[in-house]
Amino acid sequence: MHMEKCKWFNGADSPVFFMIDDLANTWVDVNHNGVPDLEEDWGYCKNGEASSFRYLNEHILRHFPQVKVTFFVPVGARAGMSDHPVCRQISLPINADEESKAFFQGVHQHPSYELAYHGTTHGRTGPTPEDFIQEWELFGSPEEAMKRIGEGVSVYADAVGERPRGGKYCGYAGNAFSDESIERAGFTWWCRYWNRGAGDPAMSRISGGDPDPLTNYDIKRFGESGVIDIPSTVDGGLLNGIYRPDASLKGMAKRLLKTSFSRWKLRELDYLLENRLVIGIQEHISPARDDGKRQSPNIFDDCGSLQAIFRYLDGKNVWYCTGSELADYVNLRDHVQVVTYPDEESVFTLEHESRYGNGILSLKLDQPHPASILLPDGTTVRAADGIANLPLMKGEYFIREGETR
Ligand SMILES: [Zn+2]
């Protein structure tokens with residue numbers, strides 16, 4: 001029998017990786033009234049009444065419980081936008097006090113969320129917002145970068161209770177030392193580029209410059225150990241202008257397909273699905289900036305667009321995952337060998353190094369009949385539509401044909 005490893009978990013066409021940047025212990029007093037109001041919070045308000053975290057949950061995630069979120073956290077006191085802010089920003093490290101630690105740890109421990117690393121201050125301000133230098137652009141050597149990462153990781157670990165497994169360059173910007181610092185610091189995965197911008201000269205500094213969408217929108221690796229690079233391929237505001245955030249979800253799918261404008265926009269998602277590429281959706285937790293400008297994209301302005309994106313993906317064969325779940329599957333897929341025997345059609349083994357020993361590998365069985373698979377430990381896994389999700393074990397797996405349960 002022919003069988004092959006699925007590109008993504010459960011035989012999905014695409015993984016859906018929802019990134020929200022800059023969750024931090026910060027708020028910006030945009031209207032100068034001395035209290036954090038809706039849209040002004042970056043995480044400082046935790047799950048409070050006017051918090052962005054609550055807004056995200058009540059206005060977006062509540063409708064789509066299958067969606068997972070990876071938050072990218074600047075762990076220290078986040079820098080403002082310039083040396084001359086027009087409003088006050090309050091910013092503390094995420095481990096500033098017990099309440100803050102409990103909030104950030106609680107988010108990370110929730111099965112639908114992951115906190116990833118996003119620098120300490122995010123960078124350094126200059127005379128104008130255009131002079132802002134992003135954190136990984138500041139380092140003059142890998143050692144300097146690693147020293148700062150070490151400090152940041154300690155803050156993260158103090159709050160969250162474990163080390164971060166992945167992260168993202170602030171502003172998607174790095175320099176000649178950045179990639180080496182990420183690998184040597186021991187990260188499993190990273191987001192290096194705003195891949196959607198490849199081909200646009202204005203974006204060349206942060207796009208990675210890969211002109212071929214079939215590789216640009218797929219997983220890459222860098223460094224000797226093969227750190228996994230997850231692409232950012234969709235702007236969360238993709239469907240803005242088509243939906244109002246308060247529009248009912250029920251009529252949405254129908255209206256979605258009505259206009260040629262939305263159809264044209266949806267081709268971005270269709271292209272990723274058809275080519276089995278990563279749907280990496282980019283957002284920010286708050287629009288508030290201390291230079292008075294609006295941070296874009298953000299979950300408030302893009303609420304309706306995000307609802308429309310998730311509604312559209314609802315009927316598709318996708319896998320909702322965090323960054324670490326995605327990286328772990330890709331490592332399994334790339335490092336586990338399926339070994340079959342010519343004289344025993346229904347037996348195979350999954351050869352792997354012990355460091356990949358706790359994962360689940362999805363196999364596609366090329367046969368028309370329902371089947372189940374007897375695992376080395378005596379338990380059984382059913383193959384639904386020819387896809388079997390198999391825990392890695394030492395020993396022989398037996399395929400039993402014709403069983404439906
Ligand atoms: Zn950021």
Side-chain angles (χ1 to χ4, degrees), residues 16-31 33 35-74 90 94 99-116 118 160 234-256 279-289 294-315 318 320-323:
V16 177
F17 174 51
F18 184 22
M19 298 172 270
I20 299 185
D21 287 10
D22 295 354
L23 182 73
N25 207 353
T26 298
W27 74 279
V28 183
D29 194 6
V30 175
N31 62 5
N33 73 347
V35 291
D37 299 298
L38 196 64
E39 299 195 358
E40 292 183 343
D41 169 50
W42 294 39
Y44 179 91
C45 297
K46 306 176 178 67
N47 194 30
E49 203 62 46
S51 71
S52 292
F53 184 72
R54 177 174 290 213
Y55 180 90
L56 170 71
N57 279 287
E58 290 189 351
H59 289 84
I60 301 166
L61 300 178
R62 184 165 62 91
H63 305 295
F64 307 99
Q66 69 278 21
V67 171
K68 298 203 172 186
V69 186
T70 303
F71 295 96
F72 292 83
V73 180
I90 290 82
I94 63 169
E99 251 187 294
S100 300
K101 286 159 74 167
F103 170 70
F104 287 97
Q105 183 178 58
V107 175
H108 182 69
Q109 286 177 346
H110 189 287
S112 295
Y113 306 134
E114 174 175 7
L115 295 191
H118 194 45
V160 174
V234 176
D235 186 317
L238 177 72
L239 301 177
N240 270 336
I242 302 169
Y243 293 100
R244 300 187 312 278
D246 52 350
S248 83
L249 286 173
K250 206 159 189 181
M252 187 176 277
K254 275 186 201 153
R255 288 196 306 277
L256 190 56
I279 298 176
I281 305 169
Q282 167 66 27
E283 275 298 347
H284 289 90
I285 191 72
S286 167
R289 293 168 45 149
R294 235 175 140 73
Q295 181 67 50
S296 169
N298 70 74
I299 59 166
F300 291 87
D301 294 340
D302 302 339
C303 182
S305 171
L306 290 166
Q307 288 179 354
I309 290 171
F310 293 132
R311 174 67 48 182
Y312 185 69
L313 294 175
D314 225 6
V318 293
Y320 297 94
C321 55
T322 64

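Listed by chain and residue number, V28, E40, A288 satisfy the side-chain contact (heavy atoms from CB on, under 4.5 Å) test with V30 (two or more places apart in sequence, or in another chain). With sequence neighbours left out, the ring pair (Phe, Tyr, Trp, His ring centres under 6.0 Å) criterion links H108 to no other residue. Among residues two or more places apart in sequence or in another chain, the side-chain contact (heavy atoms from CB on, under 4.5 Å) test is passed with P74 by D22, A24, R78, H118, H122. Every residue meeting the side-chain contact (heavy atoms from CB on, under 4.5 Å) condition with E49, not counting sequence neighbours, appears here in chain and number order: R54. Qualifying side chain to side chain donor-acceptor pair (under 3.5 Å) partners for D41, counting only residues two or more places apart in sequence or in other chains: none. In this view, K68 and E325 satisfy the side chain to side chain donor-acceptor pair (under 3.5 Å) rule, not counting sequence neighbours. Partners of Q109 according to the side-chain contact (heavy atoms from CB on, under 4.5 Å) rule, which considers only residues two or more places apart in sequence or in another chain, are Q105. Take F310 and apply the ring pair (Phe, Tyr, Trp, His ring centres under 6.0 Å) test, not counting sequence neighbours, and it matches F18, F64. With sequence neighbours excluded, the residues satisfying side chain to side chain donor-acceptor pair (under 3.5 Å) with N298 are D301. Residues meeting the side chain to side chain donor-acceptor pair (under 3.5 Å) test with S51, sequence neighbours left out: none.
Without hydrogens or angle criteria, S305 side chain to G236 main chain gives a donor-acceptor distance under 3.5 Å. Panel note: side chain Q295, backbone I285; no donor-acceptor pair is recorded below 3.5 Å.
In this pair, F71 and F53 present their aromatic rings tilted. The plane angle is within the 30 to 60° band.
Residue pairs that meet the salt bridge (Lys or Arg N to Asp or Glu O under 4.0 Å) test with at least one member in residues 105-115, sequence neighbours left out, do not exist here.
With Y44 as the aromatic partner, K46 meets the cation-pi criteria of under 6.0 angstrom to the ring centre and within 45 degrees of the ring axis.
Atom-to-atom distance recorded for L56:CG and N47:CG is 10.0 Å, nearest 0.5 angstrom.
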